Protein chains: 2
Amino acid sequence: MKARRDVYQAIADPTRRAIINMIAAQPHNVNAIAANFDVTRQAISLHIQILADCGLINVKQQGRDRVCEARLDQLSEISVWVDQYRQHWENKLDNLEKYVVNLKNERNGKQSK
Amino acid sequence: MKARRDVYQAIADPTRRAIINMIAAQPHNVNAIAANFDVTRQAISLHIQILADCGLINVKQQGRDRVCEARLDQLSEISVWVDQYRQHWENKLDNLEKYVVNLKNERNGKQSK
DNA sequence: TACTTGCGCAAGTAAATGCTTGCATTTATA
DNA sequence: TATAAATGCAAGCATTTACTTGCGCAAGTA
C-alpha cells in the first residue's frame, strides 16, 4: 500500500479529481462527500486519505466530523511540469478555448456528482 | 471494465513522464528510448503505446525504426484543469518562482507561458 | 543468402488499485 | 442512558499495472 503516492498519481483517478472539485468550492465532511458518489463511504474515505497524504487536502477534526478542505498547493508541481511543454499546444488555442467554455458550462450546470 | 487510458493516467507514471521529456527535446526510436531506462525494451514499448493511445506522442514508421515524437496537445487538458485551482497556491509564488527559474536555466532559455 | 537489428505480440507474474462488507469507536442527541 | 451519526480499521476480492521472458518477423547489412 505504500507504493508511489505523489500528486500525479493522486489526480490520475477521476473520483479523486471530483472530490477535489467538490471541496475546492467548499469544505465538506467525509459523509457529505461520499453522498455524491455511487461507491461506499469507505472507498471515498480511502481516496480522501490518499489526497491528504500528498497534501492536496486538509482534514480537520470537528466533533465527530472530519472536515476536508482543499489545499491545492501541490498542484503547482503539475502546473510547472505541464507548462514546460506549452509550446506544443499553444498554437491550438481555439480548441483550448472550446474546452474551457465547456468546462465552465459544466461547472455552472451541475454541482453534485 | 476497460482500462482507463486518459492523459491523467498517462502522466501518472514517472517513466512515461521521462519518456515525454526525452522525446520532447528530440524524436527517438523505441530502442533509443529504451536504452535510457533500466527496464526492458518491451516495457518501454508498452509505455510508448499508452502514450500514443492518448495522443501524447506520435509514432512514425521509418524503415524498421519506429520514431516517436512528442505531440503534447493533450496536456492542455491537464493545464486547464490545474489552472482552475491556481488561487490555492499562488500565494506561494516565491517557491514556485525558484522552481521555474531552475527549470529555465536547465533548459537554457526559451520561455513558455 | 546469411546474419543482425528493431520491434511487436503473447503469456506469465508480482504488486498495486479500487472496491466491498463487517465491526469497533467516538461524539452528539432524544 | 440508550440510540444514532460520523468515521476509521481490517480482511477479502477482482482488475489493472508494470514488468518479465520467449518468440517471430520484417528491414537493413555483410
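Quantities reported herein were computed from a predicted structural model and do not represent experimental measurements. In the text below, chain A, chain B and the rest are named by the order of the sequence lines, each starting its count at 1.
- Residue R66(B) places no side-chain N or O under 4.0 Å from the OP1 or OP2 atom of dG6(C).
- Here the side chain of Q61(A) pairs a donor or acceptor atom with the backbone of G63(A) at under 3.5 angstrom.
- Between S45(B) and dG8(C) there is a side-chain polar atom (N or O) within less than 4.0 angstrom of OP1 or OP2.
- In this structure, Y8(B) atom OH and dT17(D) atom P are separated by 17 Å, rounded to whole Å.
- Counting to the nearest Å, the P atom of dT7(D) and the CG atom of L46(A) are 15 Å from each other.
- Atom pair I44(B):CD1 and dA18(D):P shows a separation of 11 Å (rounding to whole Å applied).
- The interatomic distance linking D13(B) (CG) with dA16(C) (P) rounds to 14 Å, in whole Å.
- No side-chain donor-acceptor contact under 3.5 Å links D13(B) and Y8(A).
- Between dC19(D), dT7(D), dC19(C), one nucleotide has an atom nearer to the side chain of N29(A) than all others, and that is dT7(D).
- Of the possible polar contacts, none joining the Q9(B) side chain to the D6(B) backbone as a donor-acceptor pair under 3.5 Å is found.
- For H47(A) and dT17(C), the shortest distance from a side-chain N or O to OP1 or OP2 is not below 4.0 Å.
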Q) Base, backbone or nothing for each nucleotide of nucleotides 22-30 of chain C, written B, S, -, heavy atoms under 4.0 angstrom, 5' to 3'? A) B----BS--
Side-chain donor-acceptor pairs of residues 32-49 of chain B under 3.5 Å, sequence neighbours excluded:
unit_1 : atom_1 : unit_2 : atom_2 : d
N36(B) : ND2    : A32(B) : O      : 3.1
T40(B) : OG1    : A43(B) : N      : 3.4
H47(B) : ND1    : R16(B) : NH1    : 3.0

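- Considering only heavy atoms from C-beta on, E77(A) comes within 4.5 Å of V7(A) through its side chain.
- Base-pair partner of dA30(D): dT1(C) (Watson-Crick or G-U wobble, both distances under 3.5 Å).
- When rounded to the nearest whole Å, the span between CD1 of I50(B) and C1' of dT17(D) equals 8 Å.
- When the side-chain nitrogen and oxygen atoms of T40(A) are compared with OP1 and OP2 of dT20(C), one or more of them lie within a distance under 4.0 Å.
- Panel note: side chain R71(B), backbone I57(B); no donor-acceptor pair is recorded below 3.5 Å.
- The hydrophobic cluster containing V67(A) does not contain I50(A), counting ILVMFWY residues as joined when their side-chain heavy atoms lie under 4.5 angstrom apart, directly or transitively.
- Taking 4.0 angstrom as the limit, N31(A) places a side-chain polar atom (N or O) nearer than this to OP1 or OP2 of dT7(D).
- R16(A) places its CZ atom 9 Å from the C1' atom of dG18(C), with the value rounded to the nearest Å.
- One atom, CD of Q49(A), and another, P of dG8(D), lie 8 Å apart when rounded to the nearest Å.
- To the nearest angstrom, P of dA27(D) lies 18 Å from NZ of K60(B).
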